[in-house]
2 protein chains.
Amino acid sequence: MEPEIQVFRDFIRKRGLRGTKEREAIVREILTTQDHFDVDELYFRLKKTAGVSKASIYRTIPLLIEAGLINEVYLENGHMHYEHVYGRDHHCHLRCRICRVIVEVTDPRLTQIEREIASRNNFVSEGHKLEIVGVCPSCQNQHPMA
Amino acid sequence: MEPEIQVFRDFIRKRGLRGTKEREAIVREILTTQDHFDVDELYFRLKKTAGVSKASIYRTIPLLIEAGLINEVYLENGHMHYEHVYGRDHHCHLRCRICRVIVEVTDPRLTQIEREIASRNNFVSEGHKLEIVGVCPSCQNQHPMA
DNA sequence: GTATCTGCAAACCCTTTGCAATAAG
DNA sequence: CTTATTGCAAAGGGTTTGCAGATAC
């Protein structure tokens, strides 16, 4: 049993919610997702195996976020994207403005800075998101003036 | 003449676009905005003075971004927000998860880290956005368990 | 058995767009 | 005069929701 399945079942039980096959199918599908996804992609992947409606996906996502399995990611595409975060190093996104490729990078200094900035302002810190925008090596070659 | 008006006029001329009273009104209204805003807020503020349609606001925003006067801000409210950035220190956002208040903070180390991460990945870096989420002092008192 | 969950379709909301009239250069 | 821009209203696209039937507990 993957730990995330257990985490989700515990979360569901603690909340007094019900463990349905749709919710399990969504969690299992997300387990196989290594990079970013959106609702449509998840819907079409689930269609092949479990057939979960989009409404149920939209209603399950807040639960997955609260359970700590996924995070919202803003990708400037006009709609929300998500990433599988449970059990992974916290990372930030280096995004190419031209081809939109995303490189995930980790830097331990960021967590340190997060804590410092939060405590300097008397906040209890719960996490951070850093996005760096630029032009990737391959787009630099194709658009040397960009 | 505020420098931003001049920057915008130069941008418009360089692009071969036309300087209309609607575009000027939008720039002037944004000049008076110190914190974050969205299209609706801008629309209602302009209604009192200039009466610019939402369509024109939506069509002008990409120009303001390209001219370097404003930036997009993601606020988890389901729609886009913007901030007035021209001539200001780059800053990041410390946001309270409960009351949604936003504190702007600057930290010179972030720019350093941005450059390092970008160059380590052979990216040409163009900027970064850091958001720290947590609980502000006042919400800590009102919801001690949060 | 009872309350929650699902799927469907409609509603919602923000944003974009087609078009005829207007205005800038 | 020519072409870009505006305002309106309709269309678009992602997300949410009301409801009746299904299902977990």
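Chain letters run A, B, ... following the sequence lines, proteins first, then strands; residues in each count from 1. Note that this is a predicted model, so its numbers are computed, not measured. Computation of the quantities below employed the complete heavy-atom set of this structure, encompassing side-chain atoms and omitting hydrogens, waters and symmetry-equivalent molecules.
Residues B:F123 and A:V103 form a side-chain contact, since some pair of their non-hydrogen atoms from C-beta on lies under 4.5 Å apart.
Residues meeting the side-chain hydrogen bond (donor to acceptor under 3.5 Å, both in side chains) test with B:D38, sequence neighbours left out: B:H79. By the ring-ring contact (aromatic ring centres under 6.0 Å, His included) test, A:Y74 is found to be paired with B:Y74, residues two or more places apart in sequence or in another chain being considered. Residues meeting the salt bridge (charged side-chain N to carboxylate O under 4.0 Å, His left out) test with B:R100, sequence neighbours left out: none. Annotation: salt bridge (charged side-chain N to carboxylate O under 4.0 Å, His left out) contacts of B:R95 (sequence neighbours excluded): B:E76, B:E131. In this view, A:T33 and A:R45 satisfy the side-chain hydrogen bond (donor to acceptor under 3.5 Å, both in side chains) rule, not counting sequence neighbours.
One axis for each end of the helix from C:dG1-D:dC25 to C:dG25-D:dC1, each built from five base pairs, and the angle between them comes to 40° at 10° resolution.
The ring pair (Phe, Tyr, Trp, His ring centres under 6.0 Å) analysis of residues 92-117 of chain A, with sequence neighbours excluded, yields the pairs A:H36-A:H93, A:H91-A:H93.
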May I have the list of side-chain donor-acceptor pairs in residues 2-12 of chain B shorter than 3.5 Å, sequence neighbours left out?
unit_1, atom_1, unit_2, atom_2, d
B:E4, OE2, B:H84, NE2, 2.3
B:Q6, NE2, B:D10, OD1, 3.3
B:R9, NE, B:E24, OE2, 2.6
B:R9, NH2, B:E24, OE1, 3.1
B:R9, NH2, B:E24, OE2, 3.2

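A heavy atom lying under 4.0 Å from DNA chain D marks none of the residues of residues 24-50 of chain B.
Rounded to a whole Å, the CD1 atom of B:I57 is 11 Å from the P atom of C:dT15. Put simply, CD on B:E72 is 16 Å from P on C:dC14, counting in whole angstrom units. For the pair A:H79 NE2 and C:dC12 C1', the interatomic distance rounds to 18 Å; values are reported in whole Å.
Applying the 4.5 Å side-chain rule to ILVMFWY residues, one finds that A:V133 remains a lone member of its cluster.
Between the B:D107 side chain and the B:R109 main chain, a donor and an acceptor come within less than 3.5 Å of each other. Remark: the backbone N or O of B:A50 is not paired with any side-chain donor or acceptor of B:K21 at under 3.5 angstrom.
Where B:G78 and A:T60 each meet DNA chain C at their nearest nucleotide, the meeting point lying more 5' is that of A:T60.
There is no side-chain donor-acceptor pair under 3.5 Å between A:S56 and A:E22.
Dashed line: the shortest gap from a side-chain N or O of B:Y58 to OP1 or OP2 of C:dT15 is under 4.0 Å.
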Produce a footprint string for nucleotides 18-25 of chain C: one letter per nucleotide, 5' end first; B if the base is under 4.0 Å from any protein heavy atom, S if only the sugar-phosphate is, - if neither. B----BBS
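Using a 4.0 Å cutoff to heavy atoms of chain A, the contacted part of DNA chain D runs 5' to 3' from D:dG14 to D:dC25.
Here the CD-CD distance, from B:E72 to B:E83, works out to 10.5 Å after rounding to the nearest 0.5 Å.
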